[in-house]
Number of protein chains: 2
Amino acid sequence: MGTAERRAREKDELRRRILEAATALFLEQGYESVSMRKIADRIEYAPSTIYLYFKDKVELVSSICFETFSELDRRLEAIRNLGLTPIETLRRSLIDYIHFGLEHPSHYMFVFCTPPAVFKDMGQDQRCDVNGMAMTSFNRLRVGIKACMEDGSIRVDDVETAAQSAWLFVHGVTTGLVVDCGFPFVERTMLIESSIDRLIRGLN
Amino acid sequence: MGTAERRAREKDELRRRILEAATALFLEQGYESVSMRKIADRIEYAPSTIYLYFKDKVELVSSICFETFSELDRRLEAIRNLGLTPIETLRRSLIDYIHFGLEHPSHYMFVFCTPPAVFKDMGQDQRCDVNGMAMTSFNRLRVGIKACMEDGSIRVDDVETAAQSAWLFVHGVTTGLVVDCGFPFVERTMLIESSIDRLIRGLN
DNA sequence: CAGCATACTGAACGCCGTTCATTTTGACAA
DNA sequence: TTGTCAAAATGAACGGCGTTCAGTATGCTG
């Protein structure tokens with residue numbers, strides 16, 4: 001009588017294989033190089049079968065990104081649990097955010113640089129998917145800055161504005177370095193560290 | 001005997017019309033929504049005709065962006081000629097950079113967020129097109145920061161690193177605000193101003 | 001074994017960028 | 001005027017794409 005369970009397992013398994021094939025393509029060249037037909041080839045199913053598991057290409061890739069951005073949140077959580085001072089926690093988090101982006105360029109660019117029109121017919125639940133995840137992570141930043149303010153290590157007029165500025169800054173460092181547009185950047189680690197130093201110095 | 005000149009003028013005219021049609025499409029929805037076939041429809045020529053005037057779609061759009069980024073450079077030049085103090089010049093320039101990006105979202109995103117693979121078979125001259133322009137503008141930033149350092153309004157270890165950090169920051173503000181990902185930002189002008197304030201405070 | 005829901009497929013639609021053999025155009029010399 | 005010839009423009013085709021849907025296969029249940 002476990003047939004229902006087995007069928008469910010088989011469905012899950014194929015879903016997993018679709019995600020796996022899509023991820024491989026996504027990692028290679030980003031969103032544009034993911035193609036339903038190429039995925040179908042790799043898993044040896046017809047292209048239309050994929051639509052039984054995902055509404056469309058955007059939802060498929062979004063669901064890959066959701067998983068990856070969960071990892072970011074776990075990493076930030078881990079840093080928070082290190083028991084460092086608020087300011088040191090903030091510093092480490094911001095640097096790790098940038099590293100996360102650099103480690104997952106396709107994911108990062110898809111989530112933050114894809115024109116909103118692409119997402120237009122995503123169901124509300126699916127839209128909240130990645131966006132909700134990003135919001136959770138941003139909230140850590142908000143809380144982190146608040147903690148720094150409360151222990152006096154920084155002084156800002158408005159926590160929300162400061163948090164948004166801080167995100168815009170690390171976002172800039174990330175996107176700027178992720179897209180290799182041939183610009184002759186100075187050594188990367190040094191550039192990141194000194195950017196974060198300046199960012200924190202600016203929070204006053 | 002001015003037939004050659006007239007023919008050249010006619011070629012230029014069609015080239016201009018292609019750029020015009022392409023620009024209209026580009027402004028509406030960005031790079032992906034520009035299509036050779038739609039351009040052809042609008043100018044009432046066959047799609048293949050466009051290829052007599054532009055190597056491919058990337059070169060066509062790049063050439064649109066080159067024009068627009070020249071405007072940025074002129075704007076920065078104009079600010080420089082205002083005769084303000086170095087620090088005030090820097091401030092105004094950084095803010096204007098962000099405004100430029102927000103005024104030309106498609107151009108900005110195409111130039112700085114398109115995966116390099118897309119540009120891979122662009123001729124060296126054409127690659128330098130926009131990239132060279134961006135370099136010229138970046139050089140203004142470098143020079144501006146140097147001027148501030150020399151008059152003592154800021155203090156940095158290394159001008160190059162500081163300039164790159166500064167660019168990454170304004171780049172982040174620009175891309176973050178250009179892509180409307182539904183994030184509940186605080187009032188835009190205030191956010192930009194206070195971000196730039198922090199940026200400059202961080203240059204010390 | 002029949003019925004039936006579930007899973008899957010193949011063909012098609014309408015897009016896309018790009019290429020190239022072919023045709024059209026129009027200025028010039030005879 | 002007519003014939004020639006380069007330049008300009010074209011239409012059809014290639015191979016790709018995301019997506020839909022009528023129809024087929026599969027395999028469990030009664």
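Any value given below was found using the heavy atoms of this structure, including those in side chains, with hydrogens, waters and symmetry copies removed.
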Undergrad: Write down the distance between NZ (B/K120) and P (C/dT18), rounded to a whole number of angstrom.
TA: 10 Å
Undergrad: Can you identify which nucleotide, out of D/dT10, C/dC16, C/dT18, has its nearest atom closest to the B/S48 side chain?
TA: D/dT10
Undergrad: Can you list the residues that meet the ring-ring contact (aromatic ring centres under 6.0 Å, His included) rule with B/F183, with sequence neighbours excluded?
TA: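 Only A/F138, B/F185 meet the ring-ring contact (aromatic ring centres under 6.0 Å, His included) criterion with B/F183.
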Undergrad: Report yes or no: do B/T68 and B/H107 form a side-chain donor-acceptor pair below 3.5 Å?
TA: yes
Undergrad: To the nearest Å, how far apart are B/D56 CG and C/dT19 P?
TA: 8 Å
Undergrad: Taking atom C1' of C/dA27 as reference, at what distance in whole Å does atom CD of B/E10 sit?
TA: 12 Å
Undergrad: May I ask you to decide if the ring planes of A/Y108 and A/F69 are parallel, tilted or perpendicular, using 30° and 60° as cut-offs?
TA: parallel
Undergrad: Nearest 0.5 Å please: distance from the CD atom of A/E187 over to the OG1 atom of B/T161.
TA: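 One finds 10.0 Å between CD of A/E187 and OG1 of B/T161.
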Undergrad: Does A/S35 make a side-chain donor-acceptor contact with the base of D/dG18, cut-off 3.5 Å?
TA: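 When only heavy-atom distances are counted, A/S35 does not reach the base of D/dG18 through any donor-acceptor pair under 3.5 Å.
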Undergrad: Set out, line by line, the N/O atom pairs under 3.5 Å between protein and nucleotides 5-9 of chain D.
TA:
from, atom 1, to, atom 2, distance (Å)
D/dA9, OP2, B/Y53, OH, 2.6

Undergrad: Calculate, to the nearest 0.5 Å, the distance between atoms CZ and CG belonging to B/F100 and B/L72 respectively.
TA: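 One finds 4.5 Å between CZ of B/F100 and CG of B/L72.
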Undergrad: What is the nucleic acid contact for B/V34, judged by heavy atoms within less than 4.0 Å: base, sugar-phosphate only, or nothing?
TA: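 Contact class for B/V34: sugar-phosphate only.
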Undergrad: Just so I know, are the side chains of B/S33 and B/F26 near enough to count as touching, which here means a heavy-atom distance under 4.5 Å?
TA: no
Undergrad: What does A/K38 touch in the nucleic acid at a heavy-atom separation under 4.0 angstrom: a base, only the sugar-phosphate, or nothing?
TA: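 Touches sugar-phosphate only.
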Undergrad: When the distance from CD1 of B/I39 to C1' of C/dC16 is rounded to whole Å, what number comes out?
TA: 12 Å
Undergrad: Grab the CD-P distance between B/E32 and D/dG18 for me, whole Å please.
TA: 12 Å
Undergrad: Without decimals, in angstroms, what is the distance between A/I50 CD1 and C/dA7 P?
TA: 16 Å
Undergrad: Within this structure, what is the CZ-to-P distance between A/F54 and D/dT19, rounded to whole angstrom?
TA: 13 Å
Undergrad: Return the CG to CZ distance between A/N131 and A/F66, rounded to the nearest 0.5 Å.
TA: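 Here the rounded value is 11.5 Å.
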Undergrad: Using only modelled atom types and a 3.5 angstrom limit, is any donor from either the side chain of A/R37 or the base of D/dG16 paired with an acceptor on the other?
TA: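 By the distance-only test, no, there is no pair.
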Undergrad: Can you measure B/K57 atom NZ to C/dT19 atom P for me and round it to whole angstrom units?
TA: 14 Å
